[in-house]
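Every number for a ligand or one of its atoms is a count from 1 in the order of the listing. Just so you know, these numbers use all the heavy atoms, side chains as well, and skip hydrogens, waters and symmetry mates.
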Amino acid sequence: MPKKQERDLTDVLLSSQKKYKPSKKIIKEANVKDYEKTLKQAAKDPVKFWEEAASELSWFKPWEKVFDDSKKPFFKWFTGGKCNLAYNALDRHIETKTKKRTAILWEDEIGRTRKYTYQQLYWEVNKLVNALRGIGVKKGDRVAIYMPNIPEIATAMLACAKIGAMHSVVYAGFSSKALADRINDARAKVLFTADGSFRRGKIVDLKSITDDAIKETKSIKKVIVVKNNNAKIKFNKRLDVWYHDFIKGQPVEAKCAKMDAEDPAFVLYTSGTTSKPKGVVHVHGGYPVGVLRTIKWVFDLRGDEVFWCTADPGWITGHSYIIYGPLLAGITTLMYEGVPDIPKPDRIWKVVEKYKVNVLYTAPTLIRAMMRYGAEWPAKHKMASLRILGSVGEPINPEAWKWYYRYVGKNRCPIMDTWWQTETGMNMITPLPAASLKAGSACKPFPGIIADVVDKKGKQVPVGKGGYLVIRNQWPSMIRTIFNNPKRYIKTYWGQIKGVYFAGDVAFKDKDGYFWIQGRTDDVLKIAGHRIGTAEVESAFVSHKAVVEAAVIGVPDEVKGEVIKTFVILKEGFKPTDDLKIELKKHVRKTLGPVAVIKDIAFLDKLPKTRSGKIMRRVLKAKELGQELGDTSAMVN
Ligand code: WT7
């Protein structure tokens with residue numbers, strides 16, 4: 001069992017020596033057979049590489065220019081081209097044999113199942129498109145989606161894309177306040193939700209959370225509620241409508257909006273260094289180009305295969321590799337709503353066996369949780385269908401990698417450790433199945449991507465030395481801007497180190513050019529792979545009447561990777577009791593949602609600060625972990 005997530009250097013160094021070579025069978029089946037040659041070829045002319053990738057999609061009108069950097073850093077791809085994200089993910093398959101194929105397989109924790117062919121999904125989406133148009137949703141509008149992992153989240157996203165309205169999916173583990181903030185920032189007109197979802201044996205009442213959120217917003221004109229449960233809920237006749245009533249009697253054909261390649265397709269909020277999340281904007285043209293090319297090459301998908309990405313559609317992983325990627329590729333995506341260990345610790349392996357999953361894409365935190373239950377649980381299931389495995393969300397420690405390789409992949413399935421971000425839209429640093437692997441390394445940049453590790457001035461650091469992870473070129477599925485905040489876009493990504501995209505991660509390269517990602521450099525935490533800003537958590541603490549000031553750090557955790565520890569200064573008159581700790585934990589959970597797991601709270605009289613008043617979280621962290629304090633010359637108290 002890994003003692004802590006922070007990388008044990010000897011473990012990493014040993015891992016950087018040993019290579020896992022792909023089998024002849026894997027190479028024979030691979031979409032890319034010669035890994036090194038493909039990398040070299042793409043590197044000669046990345047723009048040409050991406051142009052070639054774009055020609056795999058359908059365009060209503062071809063682009064005039066592949067790449068335009070005349071207004072950098074507001075880069076553009078495929079300008080002059082007309083297309084639609086939903087058309088590429090769905091409509092075009094209706095003209096081919098793919099229409100008969102299963103698009104979505106669904107199962108939830110309590111064992112209910114559903115199945116949609118591409119043809120059925122197309123009809124469902126069209127009904128919704130017509131109904132949404134009927135209430136005035138049009139190109140350029142924003143629609144918020146706060147739903148469990150059920151097929152209707154896919155139809156809602158696709159219907160918005162087909163109309164040209166931007167969807168803003170908010171993860172159902174966020175609180176009503178977080179939902180309201182996101183609705184208000186995007187000024188969303190319509191909200192999709194459900195009357196509940198079943199998780200860990202409990203019912204999550206999403207509708208009452210959205211009811212609370214609506215009170216804090218002015219823009220929502222309609223709430224569309226999926227009946228996923230049968231409980232009685234409060235229904236507001238003026239605002240609420242059942243999903244099934246909403247689409248009743250609607251025609252099964254609908255016109256697809258012809259979008260400019262650079263028109264925004266969706267916004268997805270993610271945490272940064274301030275307490276306000278960033279609305280990352282992706283577009284109709286470039287986004288699917290990157291997503292399709294990566295899902296095909298990284299996961300080697302073809303034909304009638306079943307892909308299971310265990311993320312949630314509320315994160316970018318779900319957008320790109322539960323919904324859009326598999327559908328763009330015309331394969332079958334498995335959606336599972338629930339946790340992996342209910343009723344027993346082998347639920348996840350049971351699902352793999354039952355649906356004959358070919359590719360399983362999951363997160364290190366889940367692998368570590370399954371490791372804890374023991375290898376006897378995956379051993380109960382055949383899982384002979386598995387060909388390729390994937391990992392995403394945080395660095396995977398070599399020990400978890402090896403367990404995954406041995407007990408899940410039975411030593412025959414290569415593991416694709418994919419580094420990427422909400423902002424990048426697609427896998428950026430990742431092996432391909434035909435590459436030689438190292439346990440715990442994300443391997444090399446995807447073809448057409450030029451990544452590097454540099455110092456503050458942008459100079460490449462020597463092999464084995466840690467530095468900032470940057471991307472030197474541009475790529476089609478990259479973030480276009482931050483919704484309503486282009487200045488923050490420039491500053492966050494292009495204003496840190498001159499001329500390159502600043503990822504916010506630290507990494508090093510080994511002598512073979514393999515990347516080893518170490519974690520975030522900024523005040524962003526990764527709790528079970530979920531991204532959350534220290535500033536957001538601190539402001540949630542400070543919104544409690546007893547708190548003057550709070551400082552949040554991430555401390556290593558065996559399973560979750562990181563958990564939150566908070567140092568709190570109380571207002572005069574409040575006593576540092578255990579009851580208050582419990583109350584504060586509850587308050588933060590209510591403010592941010594269950595994603596913010598607070599492990600520990602400590603009451604202090606003072607926080608370490610710089611002269612300019614910035615909290616030195618680094619010092620708190622070093623003390624907490626018993627490490628060297630480093631340079632503390634800037635500290636005043
Ligand atoms: C951050 C992005 C897009 C994937 C889901 C998370 C960390 C992601 C890896 C990996 C090491 C990783 C980075 C990155 N991260 N994948 N394979 N190895 N670190 O998306 O919420 O936008 O978070 O997740 O720190 O910057 P996100």
(request) Please determine if Lys465 and Asp455 form a salt bridge, counting it only when a charged side-chain N lies under 4.0 Å from a carboxylate O. (result) no

(message) Give me the residue, atom name and distance of the protein heavy atom closest to atom 2 (C) of ligand 1.
(response) Trp420 O, 3.6 Å

(request) Specify whether Tyr324 and His319 have parallel, tilted or perpendicular ring planes, treating 30° as the upper limit for parallel and 60° as the lower limit for perpendicular. (result) tilted

(request) Would you kindly specify which portion of Glu394 sits under 4.0 Å from ligand 1, judged on non-hydrogen atoms: side chain, backbone, both or neither? (result) backbone

(request) Assert yes or no for the condition that the ring centre distance of Phe74 to Tyr489 is strictly below 6.0 Å. (result) yes

(message) Can you see whether Phe75 has Arg480 sitting over its ring - NZ or CZ less than 6.0 Å from the centre and within 45° of the normal?
(response) no

(message) Give me the residue, atom name and distance of the protein heavy atom closest to atom 25 (O) of ligand 1.
(response) Asp505 OD1, 2.6 Å

(request) For ligand 1, indicate whether the residue Thr422 contacts it via side chain, backbone, both or neither (heavy-atom separation under 4.0 Å). (result) both

(message) Can you confirm, on distance only, whether ligand 1 has an N/O atom lying under 3.5 Å from any N/O atom belonging to Thr317?
(response) no

(message) Assess the residue pair Ser320 and Tyr287 against the criterion (side-chain hydrogen bond (donor to acceptor under 3.5 Å, both in side chains)); give the C-alpha distance rounded to whole Å, side-chain angles, the decisive distance to 0.1 Å, and a yes or no.
(response) CA-CA 9 Å; Ser320 298; Tyr287 171 74; 2.8 Å; yes

(message) Using heavy-atom distances only, which candidate in Gly393, Ala363, Ala507 approaches atom 8 (C) of ligand 1 most closely?
(response) Gly393

(request) Run the contact test for Gly504 against ligand 1 with a 4.0 Å cut-off on heavy atoms, strictly below, and give the result. (result) no

(request) Could you see which bit of Pro395 sits under 4.0 Å from ligand 1, with heavy atoms only: side chain, backbone, both or neither? (result) both

(request) Inspect the contact between Lys296 and Glu56 and indicate whether a charged nitrogen and a carboxylate oxygen are less than 4.0 angstrom apart. (result) yes

(request) For ligand 1, note which part of His530 has a heavy atom under 4.0 Å away: side chain, backbone, both or neither. (result) neither

(request) Inspect the contact between Glu399 and Arg368 and indicate whether a charged nitrogen and a carboxylate oxygen are less than 4.0 angstrom apart. (result) no

(message) Can you confirm if the NZ or CZ of Lys18 lies within 45° of the ring axis of Tyr20 and under 6.0 Å from the centre of its six-membered ring?
(response) yes

(message) Give me the residue, atom name and distance of the protein heavy atom closest to atom 23 (O) of ligand 1.
(response) Lys526 NZ, 2.9 Å

(message) Taking the six-membered ring of Trp297 as reference, does the cationic atom of Arg293 (NZ for Lys, CZ for Arg) lie under 6.0 Å from its centre and within 45° of its axis?
(response) yes

(request) Answer yes or no: does an N/O atom from Ser391 fall short of 3.5 Å to an N/O atom of ligand 1? (result) no

(request) Return the residue, atom name and 0.1 Å-rounded distance of the protein heavy atom closest to atom 4 (C) of ligand 1. (result) Val392 CG2, 3.3 Å

(request) Taking all non-hydrogen atoms of both residues into account, name the closest pair between Val170 and Tyr146 and its distance. (result) O-CD1, 3.5 Å

(message) Within ligand 1, which atoms have a heavy atom of Ile316 less than 4.0 Å away?
(response) 3 (C)

(request) Could you see which bit of Thr418 sits under 4.0 Å from ligand 1, with heavy atoms only: side chain, backbone, both or neither? (result) backbone

(message) Please check whether Arg520 reaches ligand 1 - meaning an N/O of the residue sits under 3.5 Å from an N/O of the ligand, judged on distance alone.
(response) yes

